[in-house]
Amino acid sequence: MVSLKNKIVSADEAVAIIHDGDMVAVSGFVGIGTPDELILALARRFEAGGAPKDLGLMFAAAPGDGRERGLNRLALPGLVRRVVGGHWSLVPKLGAMALEGQIEAYNLPLGVVSHLYREIAGRTAGHVTKVGLRTFVDPRLGGGKLNARTTEDLVALVELNGEPWLHYRPFPVNVALVRGTTADPHGNVTMEREALTLDNLAAAMAARNSGGFVIAQVERIAEAGSLNPREVQIPGVLVDCVVLSEPENHRQTYGTAYNHAYTGRQRVPLDRIAPMALDARKVIARRCAFELPPGGVVNLGIGMPEGVAAVAAEEQVLKYLTLTAEPGVIGGLPQGGLDFGAALNPAAVLHQNQQFDFYDGGGLDLACLGLAQVDAEGNVNVSRFGKRLAGAGGFINISQNAKALVFAGTFTADGLDVAIRDGEVRILREGRSRKFVPAVEQITFSGAYAAERGQPVLYVTERCVFRRTAAGMELVEVAPGIDIARDILGQMAFAPIVSDPRPMDARLFRDVAMGLEPMLLGLSLAERIAYDPARNTLFVNFEGFRVRGIEDVELVRREFERTCREIGRKVHLIVNYDGFEVDPRVSDAYFSTIAYLEGRYYETASRYTTSAFLRLKLGASLQMRDLAPHVFETRAEAQARSTAATRRDAASPKEPLDV
C-alpha cells in the first residue's frame with residue numbers, strides 16, 4: 001500500500017494498481033501532457049504477464065505521434081477491449097484495431113469527451129448538447145460507433161422544450177493517468193513547464209469520484225509544503241501515486257524538448273517568422289485570411305489552416321486578432337505539426353473543458369478548418385476514409401458553433417502538382433483523388449444543418465471558392481488561369497450552382513505581401529485622406545500604411561491626384577507617418593512620386609511621426625529630392641506650420657490649379 005505521507009513510487013509500482021477491465025483515462029494532446037513513462041510501464045506489465053487485460057481507454061485528443069509513441073504502445077491484442085476517443089489520427093495502431101473489429105470503439109467529439117470528464121466527476125446524468133446533431137455521432141447516423149462489434153449506445157437523441165438534443169451517457173473512470181511538471185511527496189502537482197493544462201484536473205476528479213485511482217507523471221520532485229498553492233493544478237487529495245519520469249519520456253511536445261515561450265513565461269518576437277513560399281498552400285491560406293475578423297476570436301485547425309497564422313504574421317495583422325487552439329490556448333501564435341496545441345506567447349491557457357464551454361457557446365467569430373471530402377450538400381468529412389480513421393477531434397464542436405466558417409484544402413489530392421506563375425494558377429498534374437464527391441463517407445459537418453441555421457460557410461481551394469447557400473453549393477470565385485469546365489467541373493462529382501463567379505483577388509497570386517491590414521481594417525487609402533476647405537488643408541493618416549510594391553506607389557499617386565484635382569487648387573498637406581513603412585525596393589519610386597505630387601499640388605507639406613528613426617529616414621529621403629527635409633515629432637508642430645502658411649495664403653490668394 002502506498003504511504004499517505006509519501007506517494008512517490010516507480011512507474012511499475014504505480015501501474016500495478018490497474019485491474020482487468022478498468023476504464024483508464026489518459027491525458028495528452030499529441031505529445032503535450034502525454035504520460036509516456038506510465039504508458040510504457042503498462043505495456044511492459046502486460047507483455048511480461050498478460051495482465052491487466054480487457055481495459056477500456058478514454059482520451060479526448062489522440063495522445064500519440066502517429067508512429068510508436070503514446071497510446072500506440074497499448075495496441076496489444078488482449079490488453080484493450082474498448083476505446084472511447086475524440087481524435088484518433090495519431091494513434092493509428094489503435095485505429096486499425098477499431099476498424100478491423102478487434103475492439104469496441106467509439107469516436108465522440110473531442111469537446112464532448114472533455115466535458116464528460118467533468119460530468120463523471122460531478123456524477124451527473126451526462127452531457128446534453130446540440131454538438132453532433134446531423135453528424136455521424138447522431139444516433140440516427142451511427143451514434144459514433146466505429147464497427148459492428150460496438151453495440152452499446154453511448155449517445156441518445158432527446159427532446160427538450162421542443163428541440164432535439166444529444167445526450168452523452170457517463171460511465172465510471174477507474175484509473176486516470178495524468179501529467180504535470182512538479183510534485184511534492186503528498187501528491188500536489190504543478191504544471192509550470194507544460195504547454196497545456198488539458199483535462200488533468202477533471203479526469204483526476206472523475207477517477208476519484210468513481211472510486212478509482214489517479215497516477216501522476218512528473219519531471220521533478222519538490223519538498224513537501226514548498227509548492228505555491230496558486231500553481232497547484234492537481235491537489236494531492238486527488239492523487240494516489242506520483243511517478244518521476246525519465247526525461248526522454250517527458251518532452252514538452254513530441255516536436256520540442258522544451259520551449260519557454262510555450263509556457264507563457266517568456267515572449268519571443270513573432271516578426272522574424274519566414275514567409276511561406278508562394279504555392280497552393282499559401283494561396284489557400286491567403287484567401288482564408290481575407291475572412292479574418294478584426295478584433296475577433298479565431299480557431300485554426302490542424303493541417304492546411306495552420307498556414308493562415310503564418311500569413312497573418314507576414315501581413316502583420318496578428319495584433320488585430322486573438323488566435324486560439326482547442327486544448328485551451330488563448331492568444332499568441334498556435335503551432336503546427338508535432339507542436340500542434342501549443343502556442344508561442346499565449347495570453348492565457350485554460351483547461352480544455354473550459355475552452356469548449358467557450359467554443360460551444362458561440363465564442364468563436366471565425367473557424368478555419370481542413371477539408372478532405374465535400375459533397376453536393378456541403379457536407380464535409382475529415383474523420384474516416386476507407387481503412388483510415390482520423391476521428392472528429394474538436395472539428396464538430398468548432399464547426400457547428402463558430403459564427404462563420406471557412407474550410408480549406410486543395411481541390412484534389414494524392415499527386416496534385418500546382419504552379420503559381422505570372423499571377424496565375426497552373427495545374428501541372430491533377431491529383432488522383434477527388435475531394436468533391438457525390439456523397440461523403442462520413443458526415444463530420446452537415447452543410448444542410450448550417451444552411452438551416454444561417455451559418456456562413458466558405459470552401460476555399462487553390463483554384464476556386466464555393467459558398468454554401470440556401471439553394472446549395474455555389475461556385476463564387478475562380479482563380480486566374482483556371483478553366484471552369486476543365487479544372488473545376490471536370491474534377492468534381494456533382495454540379496454546383498454556377499451563375500456569375502468573380503475572379504479570385506489578384507494579390508493572392510503575387511510573390512509580395514498583399515497589404516492585408518488596410519483591407520481587414522476597412523481603411524482604404526481614400527478613407528485615409530480628409531480635406532478641410534476652411535483651412536484648405538489635406539489631412540492624411542498614413543499610420544500603419546505600408547508601401548510594398550510598385551502597385552502601392554501607383555495607388556498613392558492616383559488617389560492623391562484624383563483628390564487634388566477635385567479640390568481644384570493647391571493645398572496645404574499634413575501627413576501622419578506613425579508606423580509607416582516603405583519597402584526599400586520601391587523607396588526611390590515612392591519618394592519620386594512624393595516629389596512630383598508636392599511640386600504640382602501642394603502649397604506646403606508638413607509631416608510628423610513620433611519615431612525618431614523614421615523622422616531621420618524620411619528627412620534624408622526628402623532632402624535628396626530637394627523637398628523640405630524637416631519632419632515634425634507631433635501633429636501640433638506640423639499643424640502650426642500649416643496654419644502659418646494658411647494665414648499667408650489668406651493675405652495673398654492663389655490662382656486655381658491648372659489641371
Side-chain angles (χ1 to χ4, degrees), residues 515 517-519 521-583 586-612 614-659:
E517 182 181 32
M519 176 187 171
L521 296 181
L523 196 60
S524 67
L525 184 56
E527 292 171 312
R528 293 174 177 269
I529 302 172
Y531 177 61
D532 182 353
R535 289 183 283 182
N536 188 34
T537 300
L538 199 64
F539 293 93
V540 181
N541 177 19
F542 267 166
E543 184 172 1
F545 189 76
R546 291 173 177 84
V547 179
R548 288 171 167 166
I550 199 68
E551 53 269 270
D552 292 331
V553 176
E554 282 300 299
L555 175 64
V556 169
R557 182 192 60 77
R558 288 196 308 269
E559 198 61 41
F560 276 76
E561 281 204 310
R562 181 192 63 79
T563 302
C564 292
R565 285 176 176 176
E566 288 177 356
I567 294 169
R569 57 174 175 163
K570 286 190 173 184
V571 300
H572 300 288
L573 180 77
I574 298 178
V575 187
N576 173 12
Y577 269 104
D578 268 344
F580 174 85
E581 289 182 14
V582 58
D583 192 306
V586 295
S587 180
D588 285 343
Y590 174 77
F591 283 105
S592 294
T593 299
I594 294 304
Y596 161 77
L597 292 171
E598 184 161 338
R600 186 171 178 83
Y601 298 109
Y602 310 151
E603 283 289 349
T604 62
S606 300
R607 303 166 177 90
Y608 68 94
T609 173
T610 55
S611 167
L614 192 53
R615 287 199 300 274
L616 290 171
K617 184 177 179 180
L618 288 173
S621 297
L622 294 170
Q623 189 172 33
M624 287 174 60
R625 289 158 180 83
D626 296 321
L627 302 177
H630 188 71
V631 181
F632 297 96
E633 184 175 1
T634 66
R635 174 171 175 163
E637 292 172 334
Q639 196 158 337
R641 180 183 181 229
S642 178
T643 301
T646 304
R647 289 170 180 163
R648 290 195 300 271
D649 282 356
S652 178
K654 302 294 182 183
E655 293 293 324
L657 182 65
D658 181 12
V659 295

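Worth knowing before you read on, the calculation uses all heavy atoms, side chains too, and leaves out hydrogens, waters and symmetry mates. The structure presented is a predicted model; accordingly, all values stated were derived computationally and were not measured. If you read the sequence from its start, that first residue is 1, and numbering goes on from there.
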Legend entry - Verdict with reasoning, L538 to T563, per side-chain contact (heavy atoms from CB on, under 4.5 Å): CA-CA 9 Å; L538 199 64; T563 302; 3.9 Å; yes
Inset, instruction - Check whether any side-chain heavy atom of F539 lies under 4.5 Å from a side-chain heavy atom of R528, and answer yes or no. - result: no
Inset, instruction - Indicate whether any N or O donor in one side chain lies under 3.5 Å from an N or O acceptor in the other, for Y531 and N536. - result: yes
Legend entry - Straight-line distance of I529 CD1 to E559 CD, nearest 0.5 Å: 5.0 Å
Legend entry - Which atom of V571 lies closest to which atom of C564, heavy atoms considered: CG2-SG, 4.5 Å
Legend entry - Partners passing side chain to side chain donor-acceptor pair (under 3.5 Å) against N576 (at least two apart in sequence or in another chain): N541
Inset, instruction - Please list, chain by chain and in numerical order, all residues satisfying side chain to side chain donor-acceptor pair (under 3.5 Å) with Y602, sequence neighbours excluded. - result: none
Inset, instruction - Write down the atom of V582, the atom of S587, and the distance for their closest heavy-atom approach. - result: CG2-CA, 4.0 Å
Inset, instruction - Start with the C-alpha distance between V540 and I574, add both sets of side-chain angles, then the distance that settles side-chain contact (heavy atoms from CB on, under 4.5 Å), and finish with yes or no. - result: CA-CA 6 Å; V540 181; I574 298 178; over 6 Å; no
Inset, instruction - Could I get the full list of side chain to side chain donor-acceptor pair (under 3.5 Å) partners for E543, not counting sequence neighbours? - result: none
Inset, instruction - Hey, could you give me the CG/CG distance between L555 and L525, rounded to the nearest 0.5 Å? - result: 4.5 Å
Inset, instruction - Please work out whether the ring planes of Y601 and Y596 are parallel, tilted or perpendicular, with thresholds of 30° and 60°. - result: perpendicular
Legend entry - pair K570-E598: side-chain heavy atoms closer than 4.5 Å: no
Inset, instruction - Look at the rings of Y577 and F580 and say which category their plane angle falls in: under 30° parallel, 30 to 60° tilted, over 60° perpendicular. - result: perpendicular
Legend entry - Sequence neighbours excluded, every pair satisfying salt bridge (charged side-chain N to carboxylate O under 4.0 Å, His left out) that has a member inside residues 586-597: D588-R625
Legend entry - Nearest-0.5 Å distance, CZ of residue R600 to CZ of residue R565: 6.0 Å
Inset, instruction - With sequence neighbours left out, write down each residue that passes side-chain contact (heavy atoms from CB on, under 4.5 Å) with T593, or none if nothing qualifies. - result: V553, R557, L597
Inset, instruction - Give a yes-or-no answer on whether the side chains of H572 and T604 include a donor-acceptor pair shorter than 3.5 Å. - result: yes
Inset, instruction - Find out whether I594 and R607 are in side-chain contact, i.e. whether some heavy atom of one side chain is under 4.5 Å from a heavy atom of the other. - result: yes
Legend entry - Heavy-atom closest contact (A595 atom, L627 atom, distance): CA-CD1, 3.8 Å
Which pairs would a plain distance check flag for residues 616-624, meaning a side-chain donor or acceptor within less than 3.5 Å of a matching protein atom at least two apart in sequence or in another chain?
residue: S621; atom: OG; partner: K617; partner atom: O; Å: 3.1

Inset, instruction - Say whether D532 and T537, considering side chains only, have a donor N or O and an acceptor N or O under 3.5 Å apart. - result: no
Inset, instruction - Of all the heavy-atom pairs spanning F542 and V575, show the shortest one and how long it is. - result: CD1-CG1, 3.7 Å
